[in-house]
Structure formats: structure tokens, C-alpha cells
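Everything on this sheet refers to the single structure shown next.
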2 protein chains.
Amino acid sequence: MTPSRPRRPLTLRDVSMASGVSEMTVSRVLRNRGDVSPATREKVLTAARALGYVPNKIAGGLASQRVNLVAVVIPSLSNLVFPDVLGGISAELDDTGLQPVVGVTHYGPAREETVLYDMLSWRPSGVILAGLEHSRASRAMLEAAGIPVVEIMDVDGDPIDTAVGISHERAGAEMAGHILGAGYRRIGFIGTHMPEDHRARKRLAGFERALGAAGVPLVAREYYQGGSSLAKGRELTERILAREPGLDFLYYSNDLIGAGGLIWAREQGIDIPGKLGLAGFNGVDLLDGLPMRLATTDARRLDIGRRAARIVAGKDPRPEDGIVALAPTFLPGDTIR
Amino acid sequence: MTPSRPRRPLTLRDVSMASGVSEMTVSRVLRNRGDVSPATREKVLTAARALGYVPNKIAGGLASQRVNLVAVVIPSLSNLVFPDVLGGISAELDDTGLQPVVGVTHYGPAREETVLYDMLSWRPSGVILAGLEHSRASRAMLEAAGIPVVEIMDVDGDPIDTAVGISHERAGAEMAGHILGAGYRRIGFIGTHMPEDHRARKRLAGFERALGAAGVPLVAREYYQGGSSLAKGRELTERILAREPGLDFLYYSNDLIGAGGLIWAREQGIDIPGKLGLAGFNGVDLLDGLPMRLATTDARRLDIGRRAARIVAGKDPRPEDGIVALAPTFLPGDTIR
DNA sequence: TTGAAAGCGCTAACAA
DNA sequence: TTGTTAGCGCTTTCAA
């Protein structure tokens with residue numbers, strides 16, 4: 001038999017009355033806290049189930065001054081990379097009783113501020129947020145919150161508390177090394193319109209630095225606005241090669257536009273990787289299965305999520321210097337000779 | 001100057017003392033509620049900002065018995081379709097003061113139960129969840145919650161409260177109509193291993209029903225486990241055609257495996273859409289830019305998110321029969337002749 | 001092992 | 001327009 005629709009939400013007191021056990025003891029049973037006799041325990045659980053009681057965490061959180069939430073603040077969900085990071089986070093949080101709550105900023109610092117304010121107002125046990133660049137107000141809020149704060153994805157900068165990620169500067173530089181090592185010399189770059197995307201900017205900086213150190217200039221760049229897609233990659237690749245037909249390598253700021261470029265170039269009958277080499281960034285496996293595998297860098301998304309979660313959960317200690325730098329890994333693919 | 005790290009979290013009282021205004025009035029200012037003189041208002045805001053005060057929603061929610069959260073429960077984030085749904089939801093919630101909170105079930109009914117229990121314990125103002133199939137206990141919880149519950153994606157079934165989605169039965173049947181209309185007769189199906197994916201199952205049922213009505217049998221099916229990817233699509237397509245070389249059409253349960261099949265078939269030099277036609281499902285735009293555009297059905301993800309959110313937010317009334325059926329839309333592409 | 005009292009930080013309702 | 005009082009539903013603390 002289904003209990004009828006309640007007019008008033010159920011409270012501990014209802015369970016207490018139904019079971020003839022004090023509220024306090026009901027509370028203990030429902031949280032598996034303290035010693036309760038098996039008999040009492042059974043009575044309480046039966047009553048709670050019969051009523052369909054769901055504890056009120058609002059009240060519980062207020063009374064205990066603790067809330068089992070971890071705020072996770074990321075720029076976007078449609079980016080392919082963040083679902084992986086989230087996967088790592090929730091896998092690692094799973095056995096801790098902590099729950100991730102996700103907020104999305106759409107790469108806007110003002111929006112990030114709002115999202116942080118909203119999340120902090122729930123008094124979470126920790127914060128994981130993408131990037132090291134935040135507004136003054138955001139930093140102030142995080143510092144004042146008095147909880148673990150882990151900035152993820154990037155380690156090129158000054159963390160508020162702890163940073164877990166890769167050095168994008170280094171990822172760019174290492175890719176330059178592989179490209180130069182393969183003998184390419186007329187190199188172009190295709191990426192999102194910068195200011196908001198700090199990590200892409202740092203990769204490009206590292207990339208250019210390493211090229212420069214070898215005396216090779218970056219011959220051309222093509223920027224775009226808005227989301228990444230195969231179609232964007234096609235269009236930009238066509239455009240940059242129209243402008244600079246002599247290019248023999250294209251470094252893309254992500255795999256998706258890189259794959260678009262790859263598809264377009266193959267359609268044009270361009271010899272890849274002979275005449276033209278290509279590389280992307282991220283190492284998304286969604287694209288496995290294309291006719292040719294794009295060279296790229298594994299950005300260690302899953303590991304970043306895991307390590308960040310471990311620190312927030314107190315499974316790992318915060319490192320002295322507050323920085324956990326993972327190694328970006330070059331994935332050769334078929335598009336570098 | 002930065003305020004020093006607080007030992008004790010700030011409360012309204014701190015703002016009250018710092019500004020010389022009563023707690024109640026501070027509360028009013030911070031919520032823009034009731035009439036407050038501009039002068040008082042200014043005093044309060046200045047003090048709050050100087051201290052770096054962030055209101056405590058736990059306490060607020062308990063006192064007001066209202067919480068501006070909407071629980072959104074979906075099977076997966078890596079599915080490409082759910083980020084779109086979420087986009088629709090948060091776009092529509094944006095000006096309502098309501099905040100979506102996302103929970104992920106990984107297609108497990110038991111996991112769904114846990115997630116729902118956890119979310120309901122925060123006493124959200126409404127619930128949006130994917131699908132019409134839930135455990136007995138989940139249904140009971142939702143019915144007992146006394147808040148708007150919108151089940152999304154699917155309308156083939158009995159909603160707990162309200163359903164917003166497309167009829168997958170109809171989507172399958174309509175696709176069959178287009179395929180038959182184009183003259184294909186030896187048709188195969190490729191999809192995920194069923195039980196957990198009710199919507200794919202319903203599409204297939206509608207598809208077969210419509211084929212059957214035309215006296216055309218479904219010649220072959222190929223199921224797979226685990227996530228979708230281009231690689232999976234290649235592999236399954238190769239396998240089904242090895243088994244049934246005479247097939248002239250393949251209907252895939254999603255665009256990603258369909259695209260994998262498309263890429264593989266082109267590599268084999270198969271004449272598409274002449275010798276072999278292909279269609280997927282969802283209408284994900286991530287894949288725009290492939291050499292050939294896969295025929296598919298737009299599952300109306302964004303609209304579903306928007307309509308669901310409007311109902312939860314009270315912008316739209318709940319329809320009498322509790323069902324908002326959107327029309328799945330055929331997108332022809334280049335893979336049906 | 002169980003229970004009683006106090007109070008978490010805020011807001012509803014009412015009073016001034 | 002501002003302030004006072006009570007209490008939201010739970011857990012902490014202490015006592016039995």
C-alpha cells in the first residue's frame with residue numbers, strides 16, 4: 001500500500017512517533033552513528049521506510065555545521081574534456097561520502113564569480129575549479145571560505161591553495177620538439193580567440209618559445225571565436241593554407257578542430273603526414289576511429305580529476321608547494337611523419 | 001587591503017554589527033526584499049562587501065522552507081545529448097532564481113534511486129529526470145516529495161507527474177517510413193545492448209512495427225555493450241555486413257556509431273547512399289564537417305530541456321494530461337538516396 | 001544504550 | 001522603514 005500524498009513534508013519527529021523511539025535515536029540510526037540496539041534500529045528503519053521518510057540535509061547541515069558537498073566549477077560541459085575530469089572526480093569521491101556539485105561558467109570571469117558565490121553559500125567542504133586565473137573577488141571569496149580549494153588543469157601560475165594539472169607551457173614546448181624532430185619547418189597555429197582561454201594561450205607561448213629556441217618562426221596563425229567543431233576545423237584549415245600555401249605543419253588548440261582539418265586535408269588529396277603534418281591537443285578518444293589518428297597530447301584529464309578529488313577528500317596531503325604537476329603525454333598518431 | 005583569514009565563518013550578525021543595522025534589515029537588503037531606505041541599503045552593502053560576507057543558504061533554506069534548487073537527474077554526461085538538454089534547462093532557469101543541480105546515474109536504476117534520495121534530501125523546488133522507467137522506490141520518493149516532477153526525453157509511458165519529450169516509438173516508425181520511401185528493403189539495425197536503454201528499445205520497436213506494416217522484415221541486428229564511439233561503429237558495421245552482405249540499409253541507435261559506420265563504409269569504397277544507406281539518431285552537430293552528413297532524427301534535446309524547465313519554474317502550466325510531446329524531426333543528410 | 005535541552009544562522013510574521 | 005520574536009529540523013552536548 002502506498003502512503004497517501006503528504007500535505008506536510010515528513011520530519012524526524014514523524015519517524016520518532018511512528019516508531020516510539022526518541023528523535024535523537026532515530027537520527028543516530030539514520031546516520032549509523034553511535035551505539036543503537038539492533039531491536040531499536042530495526043523499529044526505526046521499518047518506520048522510516050514505511051513512511052517514505054527522506055532526511056532533511058538543510059536542517060542537518062545547519063545543525064552539524066558540515067555539508068558533504070564539493071563544489072566543482074568548470075567552464076563548459078560541451079567541451080568533451082570536462083566530462084572526463086568529472087568522471088575522475090566522482091570516481092574518487094564515491095567512497096568518501098562527498099558529493100560533487102557542478103557549476104558552469106561558460107568561460108566568463110563574472111559568471112565564475114556568481115557561480116562561486118552561489119556555491120559557497122551552501123558551505124561546501126571543498127572547491128575544485130578550473131584554471132588559475134580568477135577575478136580578485138573570486139580569489140577573496142575562496143580565501144575567506146576556509147576550505148580546501150583545488151585549481152585544476154593548469155599549473156603555470158600561483159594557486160590560491162593547491163593546483164593539480166599539467167604545464168601547458170611545457171605541453172606546447174614538447175609538441176614543438178616533436179614537430180621539429182620530424183623535420184617540419186613551416187609551421188602554423190590554429191586556435192580559439194585567446195583572452196579567455198588561458199591554457200591555450202600558455203600552450204602557444206611554450207610552443208613559440210621552443211620553436212624560437214630552434215630558430216624556427218611561427219609562420220601563420222588563425223584564430224576563431226565560439227565553440228569547436230569539425231566544421232570549424234575544416235574552414236580554418238582551408239583559410240590558413242590559402243593564405244600561407246607553403247605551410248608544412250598545423251598545430252591546433254584542440255583535437256576536434258584538428259580532426260576537422262585532417263578530414264578536409266584528406267579530401268583535398270594532401271599528402272599527410274608527408275607534405276603536411278597535423279597535431280591537436282587533449283587526447284579525446286571520441287575521435288578514435290577516424291581514418292587517420294591525429295597526433296596529440298594527452299592532457300591527463302582523468303588523473304587530474306582524481307588527484308584533485310583525493311586532495312579535497314583528504315586522502316592525499318596537500319603538497320608543500322601546493323602544486324601537483326602531472327606530465328602531459330605525447331600521443332604520436334598518424335599525422336606526424 | 002584584504003581582510004584576514006576568518007577563524008569562524010561570517011554570519012549575518014557580523015554584517016549587522018559592522019553596519020549598525022539590525023540582522024533582519026541586513027537580510028532584507030541582501031535578498032532585495034521589502035522596502036529599505038537607500039542609505040541603510042548602502043551601509044549594509046558596504047559592510048557586507050568589506051567583510052566578504054557570503055550568505056548561508058543552509059540556514060536561509062531552513063528558515064524559509066524554500067530552496068532555489070532544481071534536481072536534474074540524467075544517465076550520463078559523456079553522451080553528447082545531455083549537455084544539450086542541460087543547456088536548455090539552464091537557459092530557461094537563468095532568470096528564475098532557480099539553479100539546476102545535476103546528478104548522474106550511469107543508466108543504473110539502483111544508482112538513480114540513491115541519487116534521487118540524496119537530491120531530495122536537499123528539498124529542491126522541483127525535479128527533472130530522464131526517462132519514464134524508474135524503480136518502485138524512486139517513484140514513491142518522487143510522489144511523496146510534493147514538488148513538480150518532470151520526466152524528460154520520452155513520452156511513451158505513464159509519467160509520475162509530467163513528461164516532456166518525443167515519442168521514440170514514433171521516431172523509429174518515421175525513420176522506417178523514410179527508408180522504405182527511398183526504396184531500401186534489406187535493412188539492419190545496430191544499437192546498444194538493450195535492457196537499460198529504454199528509449200533505444202522503443203525506437204527499435206516503432207521501427208520494426210512500421211517495417212512490418214509494409215511487409216518488410218528487419219534482416220539483421222547487431223548489439224554492443226558499453227559507450228558509443230566511432231570505433232565501435234566501424235567494428236559493428238563490418239561485422240553486420242560480414243554476416244549479412246546483402247543489407248542495403250543500416251539504422252544505428254545513435255549518430256556516433258552511425259558516423260563510425262559511415263567512415264568505415266566509405267573506406268571500403270561502398271557506394272553510399274546508392275548501394276548502402278545509413279541513418280543515426282539524435283542530430284548531434286558535433287559531427288557536422290564529416291565528408292558526408294549522416295541522415296538522422298533531431299531528438300529536440302534543447303527544446304526538451306527548455307520546456308521541462310519552464311514547467312518546473314512555473315512559466316508554463318502543466319498540461320492536463322501531463323504530457324508534452326514534441327515532434328522528432330527527420331534530418332535527411334547525404335546517406336539516404 | 002537512550003533521551004532532553006540547547007542552538008546552528010537565517011527568515012516569516014508581526015509590532016512599532 | 002525598521003526591529004523583535006519565534007522557530008525551521010536537525011545534531012551536539014550532556015545527563016541518565
Side-chain angles (χ1 to χ4, degrees), chain A residues 6-45 47-48 51 53-69 97 118 120-125 145-146, chain B residues 6-45 47-48 51 53-69 97 118 120-125 145-146:
Chain A
R7 201 52 274 129
R8 173 182 59 71
L10 294 164
T11 68
L12 255 193
R13 151 161 259 163
D14 295 304
V15 182
S16 166
M17 308 199 75
S19 62
V21 173
S22 78
E23 288 187 43
M24 195 50 239
T25 300
V26 171
S27 167
R28 284 195 265 255
V29 170
L30 263 23
R31 288 176 298 145
N32 296 308
R33 212 45 79 68
D35 291 318
V36 179
S37 76
T40 311
R41 196 184 152 66
E42 212 39 61
K43 263 195 295 191
V44 169
L45 288 176
L51 294 170
Y53 173 67
V54 177
N56 184 332
K57 288 206 182 166
I58 307 263
L62 183 61
S64 67
Q65 304 284 69
R66 281 179 297 94
V67 156
N68 65 337
L69 298 177
D118 282 350
L120 290 178
S121 72
W122 289 103
R123 301 290 187 264
S125 303
Chain B
R7 201 54 274 129
R8 174 181 58 71
L10 295 164
T11 68
L12 255 194
R13 151 161 259 162
D14 295 306
V15 182
S16 167
M17 307 198 76
S19 61
V21 174
S22 78
E23 289 186 43
M24 194 55 235
T25 300
V26 171
S27 167
R28 285 195 265 253
V29 170
L30 264 22
R31 288 176 298 145
N32 297 309
R33 212 47 78 69
D35 291 318
V36 179
S37 76
T40 311
R41 197 185 151 66
E42 213 38 64
K43 264 194 293 188
V44 170
L45 288 176
L51 294 171
Y53 173 69
V54 177
N56 184 331
K57 288 206 182 167
I58 308 261
L62 184 61
S64 65
Q65 304 284 68
R66 280 180 297 93
V67 156
N68 66 337
L69 299 177
D118 282 349
L120 290 178
S121 71
W122 288 106
R123 301 291 187 264
S125 302

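Owing to the predicted nature of the structure, the values given are computational and were not obtained by experimental measurement. Order of the sequence lines sets the chain letters (A, B, ...), proteins ahead of strands, with each chain counted from 1.
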Worksheet item: B/Thr11 versus B/Met17: any side-chain heavy-atom pair under 4.5 Å?
Response: no
Discussion item. Any base atoms under 4.0 Å from A/Arg66, or only sugar-phosphate, or nothing? Heavy atoms, all strands.
Written reply: sugar-phosphate
Worksheet entry | Helical bend (five base pairs per end, nearest 10°) for the helix from C/dT1-D/dA16 to C/dA16-D/dT1 | 30°
Measure [atom1]/[X] against [atom2]/[N] and give the value in whole Å, please.
X: A/Leu62; N: D/dT12; atom1: CG; atom2: C1'; result: 12 Å
X: A/Arg123; N: D/dT11; atom1: CZ; atom2: P; result: 19 Å
X: A/Arg41; N: C/dT2; atom1: CZ; atom2: P; result: 11 Å
X: B/Asn56; N: C/dG9; atom1: CG; atom2: C1'; result: 6 Å
X: A/Lys43; N: C/dT2; atom1: NZ; atom2: C1'; result: 11 Å
X: A/Leu30; N: D/dT11; atom1: CG; atom2: P; result: 8 Å
X: A/Arg13; N: D/dG7; atom1: CZ; atom2: C1'; result: 13 Å
X: A/Ile58; N: C/dC10; atom1: CD1; atom2: P; result: 14 Å

Discussion item. Just to be sure I understand the geometry, which residues of residues 14-27 of chain B put a non-hydrogen atom under 4.0 Å away from DNA chain D?
Written reply: B/Val21, B/Ser22, B/Met24, B/Thr25
Worksheet item: Any side-chain N or O of B/Gln65 less than 4.0 Å from the OP1 or OP2 oxygen of D/dG9?
Response: yes
Discussion item. On the nucleotide C/dG9, are OP1 or OP2 found under 4.0 Å from the side-chain N or O atoms that B/Tyr53 carries?
Written reply: no
Worksheet item: Has the side chain of A/Arg28 got a donor or acceptor atom sitting under 3.5 Å from an opposite partner on the base of C/dG3?
Response: yes
Worksheet item: Does anything in residues 31-39 of chain A reach DNA chain C, meaning a heavy atom under 4.0 Å, and if so which residues?
Response: A/Asp35, A/Val36, A/Ser37
Discussion item. The side chain of A/Ser64 is closest to which nucleotide in this list: D/dT11, D/dT2, D/dG9?
Written reply: D/dT11
